[in-house]
Amino acid sequence: MADFALLKAEQQLLAAQVVREGLSPDFVPRFIAGGDTGFEENGTVARAAIVILHWPSLEMAEHRVARVPVTLPYVPGYLSFRECPALLAAWQQLTYRPDLMFIDGHGVAHPRGLGIASHFGVTVDIPVIGVAKRRLCGDYQVPSATPGDCQPLIYQQQQTGWVLRSKARCNPLFISAGHRVSDDMALYWTRQCLRGYRLPEPTRLADAVASQRKGFRRYLNRQ
DNA sequence: GCGACAG
DNA sequence: ATCTTGTCGC
């Protein structure tokens, strides 16, 4: 059984290292990455996927998958300790160095300001944006049905991110800064990476690779 | 004590 | 996260 009090203390140390600014208006990335984690073997093995996309085409340049034994159970608020090891294993396999990365999960929109996007971001020290499908903490007004509309996510009187209606008739996304990105740039770049689907391309493709969905393996193995 | 609770 | 086909609605 894990000592969550110790993990909590570690989160507070790492949270102090998170940089909530970065990506100037003239920033132009060469490569944008997407990361996501899935599980197999009855949840005993984490399967992390990282994809590298060209900007601005957003076409895949590289994709890597790493499988690592799971060491912790899923506990809300401690997700990063469970998924970071696999994500780091996939990270070390990359040949490209992304200028910006999107990770499935929250960034600073976390009780202690250290969701997986921030934890991973501080660890590898690159700009990271968190894209979650559900709220962990905070309050917000539901954005209108109009695609592109958004509302601020507020936690303890402070903005921690945005709730974005990325696509019509779909539940909104929870966008937050992970590391070396401001709230506004996190929202801006998420919108820049949308291509008609609920999820921005980096996360959408990483999810497809990580969850070995039937039909997508064919897509990757073709040519 | 009760409800909430990323993936 | 994962187990899983078709189906209702826009």
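Letters A, B, ... are given to chains in the order of the sequence lines, protein chains preceding strands, and every chain is numbered from 1. Note that these values count all heavy atoms, side chains included, but never hydrogens, waters or copies made by symmetry.
With ring centers used as reference points, A/H179 lies 6.0 Å or more from A/F120.
The interatomic distance linking A/N42 (CG) with C/dT2 (P) rounds to 12 Å, in whole Å. Taking atom CD of A/E83 as the reference point, atom P of C/dA1 lies 9 Å away to the nearest angstrom.
Ring pair A/F31/A/Y96 is tilted by interplanar angle, where 30° to 60° counts as tilted. Between A/F4 and A/Y78, the ring planes lie perpendicular to each other; the angle is over 60°, past the 30° to 60° tilted range.
In this structure, A/G77 reaches the bases: a heavy-atom distance under 4.0 Å links it to at least one base atom across the strands shown. Residue-level contact check: A/G115 touches the bases, meaning some heavy atom is under 4.0 Å from a base atom. Within 4.0 Å of A/F39, counting heavy atoms only, lie sugar-phosphate atoms of the nucleic acid but no base atom.
Test A/I32, A/I126, A/V128, A/L53 against A/P98 for side-chain contact (heavy atoms from CB on, under 4.5 Å) and you get one pass: A/I126.
Along DNA chain B, read 5' to 3', the first and last nucleotides having any atom under 4.0 Å from a heavy atom of chain A are B/dA4 to B/dG7.
Heavy atoms of other residues, nucleotides or ligands lying less than 6.0 angstrom from CG of A/D3 number more than 12.
Here the side chain of A/R112 pairs no donor or acceptor atom with the backbone of A/Q11 at under 3.5 angstrom.
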